[in-house]
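Worksheet: the structure to be examined is printed underneath.
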Amino acid sequence: MSQPQRIQPRTLKGFRDYLPESMIPREALIDTAKRIYRSYGFSPIDTPALEYLEILTGKGSEETDRQLYRFEDNGGRQVGMRFDLTVPLARFAAQHIGQLGVPFKRYHIATVWRGEAPQRGRFREFMQCDFDTIGTRSATADIETALVIHDLMQAIGFSRFAIRLNHRMVLNGVLERLDLLDRSTQILRTLDKLGKIGPAKVADEMMAAAGMTGDQASEVLKLADLHGSHDTILSALEPLVAGSQIGQEGIARLSEIVAGIRAAGVDSSRVILDVSIARGLDYYTGAIYETFLDDLPKIGSVCSGGRYDNLAGMYTNQDLPGIGASLGLDRLLSGMEELGMIQPVRTPADVLIAYFDRQRLHEYLALAAKLRAAGIGVEVYPDAKKLAAQLKYADQRGFRFALIAGSREFESGMCQLKDMQTGTSIDCSLDDDARAIITAICGDR
RNA sequence: GUGGCUGUAGCUCAGUUGGCUAGAGCAUCAGAUUGUGGCUAUGAGGGUCGGGGGUUCAAGUCCCCUCAGCCACCCCA
């Protein structure tokens, strides 16, 4: 008799399992995002994980094409796994916009795949939480994008964060004045590293990689020296874009957005005009957003996005401008963990009913049903093990309450509701549809 | 894709210039008069030392390859 050949249980590089203790906060975050998106009228959509390869390739840089998971399906078709949610949105919009009408607001929370080198907080399979408004150039949509980010961050539980706002037209205005517009992609990508490598190295790289003169580099870097109130920065920008109509328009647009955000009641310290953020992606054409945590600036932006014109030009003649942003779910979760914002809970239920008295299973099941009907999560322990073991189980999983009812309790019509955190228990009547238990639990919320 | 660092139990690690059946803490499970968890002692399970090859009388330890993780570049969420 030979031992059966065991297969080593393992996951692919850059792919992960999620245990309950990480999945519970993850789902909570996703639920919060959905709630906020929906509160602004964004509707959910979904698209296939697999697309025809031609849909996905050639949309970003060479780099993104290289990172695309691609293969031939069983029918001999060349297919690829979606790399982000924006390209599928473009295809989706080109295909369905006739039925949807504009403006169209959607959110899309789904998994995407990129075959790049994994690092901390970077994986080959990860989730994006996008929301976008397409079919309008209105500044209202730009304002609303910032408001969604703001509300979302607050709903998640952050008070110390800042949304950094910029406009590509301002950047392009500066480049136009310096006659550098033809190299904007390279220059902006370099500028985007400012927070990481500092102005001196950015200047070096601008001269080396984009062939700029030292004067040109320092002109561009003046953007980074602008600090202060929104009005201060906006007026300081004027000379930097002098003579550029694009730049003028960008400034006008930026001030319109800032004014709108303020009118909606957002504390102005939450929105910072940072005309040095550029975002690496070429397709942004207007407002750009990045969101940083005051307490963890080095983890980078946790919610980013911007305006792009001509989203679906590759697929349709219809003119579809849009704006949107994406919550960096994994980055945010690791940040929250670092800040101690995540409770170590391994159960979604509130109460564990101990299976105490072997004869009383049906009473336990009936009681559980009553509590569930009141919206309380309840687990009935499956085995009539000794109470200590069941309480230990409740403790380790993070149940907030244990409900203890043996023959003694049933005889008196009462049960013990034990608060696992404090260790104290209160007696609750079992009569009247367990009303007493329900108020004791819900009153605690 | 390029470069650097790392890889011993589920987790954090020890393991002397290569030398007998590879250890600890935490975690897990079991039991300590079968009605009360977190603390305390007790016991048990769990490792082909990431995998493969080589050098050697002898490899967790040295060499090569490979896989995986971390860091930087690149890019990005």
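Owing to the predicted nature of the structure, the values given are computational and were not obtained by experimental measurement. Residue numbers start from 1 in every chain, and the chains themselves are labelled A, B, ... in the order their sequence lines are given, proteins ahead of strands.
The nearest whole Å value for the distance from the CZ atom in A:Phe15 to the P atom in B:rG69 is 11 Å. The separation between A:Glu21 atom CD and B:rC11 atom P is 13 Å, rounded to whole Å. Here the C1' atom of nucleotide B:rA77 and the CZ atom of A:Phe83 are 10 Å apart, to the nearest Å. Spacing between atom CZ of A:Phe399 and atom P of B:rG38 amounts to 17 Å, rounded to whole angstrom units. Between A:Asp17 atom CG and B:rG10 atom P the separation is 15 Å, expressed in whole Å. Rounded to whole Å, atom C1' of B:rC76 lies 7 Å from atom CZ of A:Arg331. Rounding to whole angstrom units, CG of residue A:Leu191 and P of B:rC76 are separated by 14 Å. Note: CZ (A:Arg122) to C1' (B:rA68) measures 17 Å, nearest angstrom.
Among the candidates A:Arg397, A:Arg372, A:Arg400, the single residue satisfying the salt bridge (charged side-chain N to carboxylate O under 4.0 Å, His left out) test with A:Asp350 is A:Arg400.
Within 4.0 Å of A:Ser334, counting heavy atoms only, lies no atom of the nucleic acid at all. Counting any heavy atom pair closer than 4.0 Å across all strands shown, A:Glu116 reaches a base atom. Within the nucleic acid shown, A:Gly398 has no heavy atom closer than 4.0 Å to any nucleic acid atom. Across all strands shown, A:Lys418 has heavy atoms under 4.0 Å from base atoms, whether or not it also approaches the sugar-phosphate. As judged by a 4.0 angstrom heavy-atom cut-off over every strand, A:Gly423 is placed among the base-contacting residues. Here A:Met420 lies in heavy-atom contact (under 4.0 Å) with a base. Residue contacts for A:Gln119: at a heavy-atom cut-off of 4.0 Å it reaches a base atom on one of the strands shown. Here A:Glu125 lies out of heavy-atom contact (under 4.0 Å) with every strand. At a threshold of 4.0 angstrom between heavy atoms, the contacts of A:Tyr393 with the nucleic acid are absent. Counting any heavy atom pair closer than 4.0 Å across all strands shown, A:Ala117 reaches a base atom.
Here the nucleotide nearest the side chain of A:Pro118, chosen from B:rC76, B:rA77, B:rC70, is B:rC70. Of the candidates B:rG37, B:rG1, B:rC74, the closest approach to any side-chain atom of A:Asp395 belongs to B:rG37. Of the candidate nucleotides B:rA77, B:rC75, B:rG35, B:rC75 has the atom nearest to the side chain of A:Lys193. In this structure, of B:rU28, B:rA32, B:rC76, it is B:rC76 that holds the atom nearest to the side chain of A:Arg114. The side chain of A:Lys392 sits closest to B:rG37 out of B:rA30, B:rA77, B:rG37. Distance from the side chain of A:Lys386 is smallest for B:rA32 among the nucleotides B:rA32, B:rG35, B:rA77.
For the P atoms, the distance from B:rG38 to B:rU33 is 14 Å, rounded to whole Å. Taking the C1' atoms as reference points, B:rA24 lies 12 Å from B:rU8, given to the whole Å. Nucleotides B:rC49 and B:rA59 place their C1' atoms 11 Å apart, quoted to the nearest Å. Distance check on atom P: B:rU48 versus B:rU6 gives 24 Å, rounded to whole Å. Going from the P atom of B:rG23 to that of B:rA9 covers 14 Å, rounded to whole Å. The separation of B:rU56 from B:rG1, taken at their C1' atoms, amounts to 39 Å, rounded to a whole angstrom. B:rA77 and B:rA14 have their P atoms separated by 38 Å, with the value rounded to a whole Å. Separating the C1' atom of B:rG3 from that of B:rG50 is a span of 22 Å, rounded to the nearest Å.
In RNA chain B, consecutive stretches of 3 or more Watson-Crick or G-U wobble pairs with both distances under 3.5 Å are given as paired ranges: B:1-7 with B:67-73, B:10-13 with B:23-26, B:28-30 with B:42-44, B:50-54 with B:62-66.
Note: A:His150 and A:Phe161 have tilted aromatic rings, judged against thresholds of 30 and 60 degrees for the angle between ring planes. Aromatic ring pairs are classed by plane angle as parallel below 30°, tilted from 30° to 60° and perpendicular above 60°; the pair A:Phe42 and A:Phe131 is perpendicular.
Using a 4.5 Å heavy-atom threshold, the side chains of A:Thr57 and A:Arg70 count as touching.
Between A:Tyr355 and A:Gln390 the shortest heavy-atom distance is N-OE1, 2.7 Å.
If you check distances only, the side chain of A:Glu409 does reach the base of B:rG35 with a donor-acceptor pair under 3.5 Å.
Legend: residues meeting ring pair (Phe, Tyr, Trp, His ring centres under 6.0 Å) with A:His227, ordered by chain and number and at least two apart, are absent. Listed by chain and residue number, A:Arg38 satisfy the side-chain hydrogen bond (donor to acceptor under 3.5 Å, both in side chains) test with A:Tyr107 (two or more places apart in sequence, or in another chain).
For the pair A:Gln67 and B:rG1, the criterion of a side-chain N or O lying under 4.0 Å from OP1 or OP2 is not met.
The pair A:Arg435-A:Asp432 does not count as a salt bridge, with every side-chain nitrogen at least 4.0 angstrom from each carboxylate oxygen. By the 4.0 Å N-to-carboxylate-O rule, A:Arg168 lies too far from A:Asp309 to be salt-bridged with it.
Between A:Arg408 and A:Met127, it is A:Arg408 whose nearest contact on RNA chain B lies nearer the 5' terminus. When each of A:Gln396 and A:Leu327 is assigned the nucleotide of RNA chain B bearing its nearest heavy atom, the one mapping closer to the 5' terminus is A:Gln396.
The SG atom of A:Cys303 sits 8.0 Å away from atom CD1 of A:Ile156, with the distance rounded to the nearest 0.5 Å.
Lacking a ring centre under 5.5 Å from that of the base six-membered ring together with a plane angle below 30°, A:Phe356 does not count as stacked on B:rG35.
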